[in-house]
Amino acid sequence: MIRLEDTTVQDLPKILAIEQDLDNNSFICPSETNRHQRMIQQEDTKHLKILDDQHKIIGFILLTDLHNPNDSIELKRIIISEKGKGYGSAAMALLLKICFTEYNCHRLWLDVFDTNPRARHVYRKLGFTEEGTLREAIKKEDGYKNLVVMSILKSEYLQS
């Protein structure tokens, strides 16, 4: 149904368009082109595009701390352009497999706005646990926003 591939600099116009879309922008802190370029090049970061079965870019994923001494990788961002088709769940399932088998991480964690129930539902469905809330941690145009920290351990992934 979908696959994940390394993002290239040539993919960035499409990636930035997905990130800037109003359906996505309110749930993230968007990045500039040069930041995406740095993330593509950094050794400790993985920038992945999400492709549908027609090879169309339908989203992207940013992972950080790939070489963390505690074997804890951060899912910095996942954005899907076409909502309600199961692409997000499918991409996350692939990502979990990559993180726990290829990168051999012990813990995958993320933070998500508490006002993003769709994402929180997907994460819980895949086995993530809510660990706590970072109160008013992000300043957006309409005020300060809470972040919910969620994680899944390798042992929990293997049991599912």
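Remark: K76 engages R35, L62, T64, E74 in a side-chain contact (heavy atoms from CB on, under 4.5 Å) (not counting sequence neighbours). With sequence neighbours excluded, the residues that form a salt bridge (Lys or Arg N to Asp or Glu O under 4.0 Å) with D11 are K49. In terms of the salt bridge (Lys or Arg N to Asp or Glu O under 4.0 Å) criterion, residue partners of E130 (sequence neighbours excluded) are, by chain and number, R120, R124. Annotation: salt bridge (Lys or Arg N to Asp or Glu O under 4.0 Å) contacts of K14 (sequence neighbours excluded): none. Evaluation of the side-chain contact (heavy atoms from CB on, under 4.5 Å) rule for D44 yields D65, L66, H67 as partners, not counting sequence neighbours.
V122 places none of its side-chain heavy atoms less than 4.5 Å from the side chain of F128. I152 places none of its side-chain heavy atoms less than 4.5 Å from the side chain of L126. You'll find the side chain of T8 stays beyond 4.5 Å of the side chain of I40, heavy atoms only.
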Please list, one pair per line, the donor and acceptor atoms closer than 3.5 Å that link side chains of residues 84-104 to other protein atoms, with sequence neighbours excluded.
from, atom 1, to, atom 2, distance (Å)
K85, NZ, E82, OE1, 2.8
S89, OG, K125, NZ, 3.3
T101, OG1, K97, O, 2.4
N104, OD1, K154, NZ, 2.3

message: Show, in sequence, the C-alpha distance, side-chain angles and deciding distance for L147 and V112, and conclude whether the side chain to side chain contact (heavy atoms under 4.5 Å, CB included) test is met.
response: CA-CA 5 Å; L147 292 173; V112 58; over 6 Å; no
query: Is there a salt bridge (charged side-chain N to carboxylate O under 4.0 Å, His left out) between R107 and E131 once you walk through the steps?
result: CA-CA 13 Å; R107 177 177 181 266; E131 295 182 341; 2.8 Å; yes
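In the hydrophobic clustering of this structure, Y144 does not group with V149; members are Ile, Leu, Val, Met, Phe, Trp, Tyr whose side-chain heavy atoms approach within less than 4.5 Å, directly or through other members. Neither V148 nor L153 shares a network with the other; the hydrophobic side chains, linked directly or stepwise wherever heavy atoms of I, L, V, M, F, W or Y lie under 4.5 Å apart, form separate groups for each.
Within 6.0 Å of CZ in R118 there are 12 or fewer heavy atoms belonging to other residues, nucleotides or ligands.
Note on K56 versus D53: no salt bridge recorded, every NZ/NE/NH1/NH2 to OD/OE distance being 4.0 Å or above.
Taking the six-membered ring for Trp and thresholds of 30 and 60 degrees, F60 and H47 have nearly parallel ring planes, at less than 30 degrees apart.
Here the closest heavy-atom approach between residue N146 and residue R135 is recorded as OD1-CA, 3.3 Å.
Once rounded to the nearest 0.5 Å, the distance linking OG1 of T45 with CE of M39 reads 4.5 Å. In this structure, CG on L48 lies 14.0 Å from CZ on R77, to the nearest 0.5 angstrom. Within the model, atoms CD1 of I79 and CD1 of I15 stand 8.5 Å from one another, a figure rounded to the nearest 0.5 Å. In this structure, CD1 in I57 is found 10.0 Å from CG in D52, a value given to the nearest 0.5 Å. Taken to the nearest 0.5 Å, the CD1 atom of I73 stands 12.5 Å off from the CG atom of L110. Residue Y123 holds its OH atom at 8.5 Å from CE of M150, rounded to the nearest 0.5 Å.
Under the 3.5 Å distance criterion, the side-chain polar atoms of S81 are matched with a main-chain donor or acceptor of I58.
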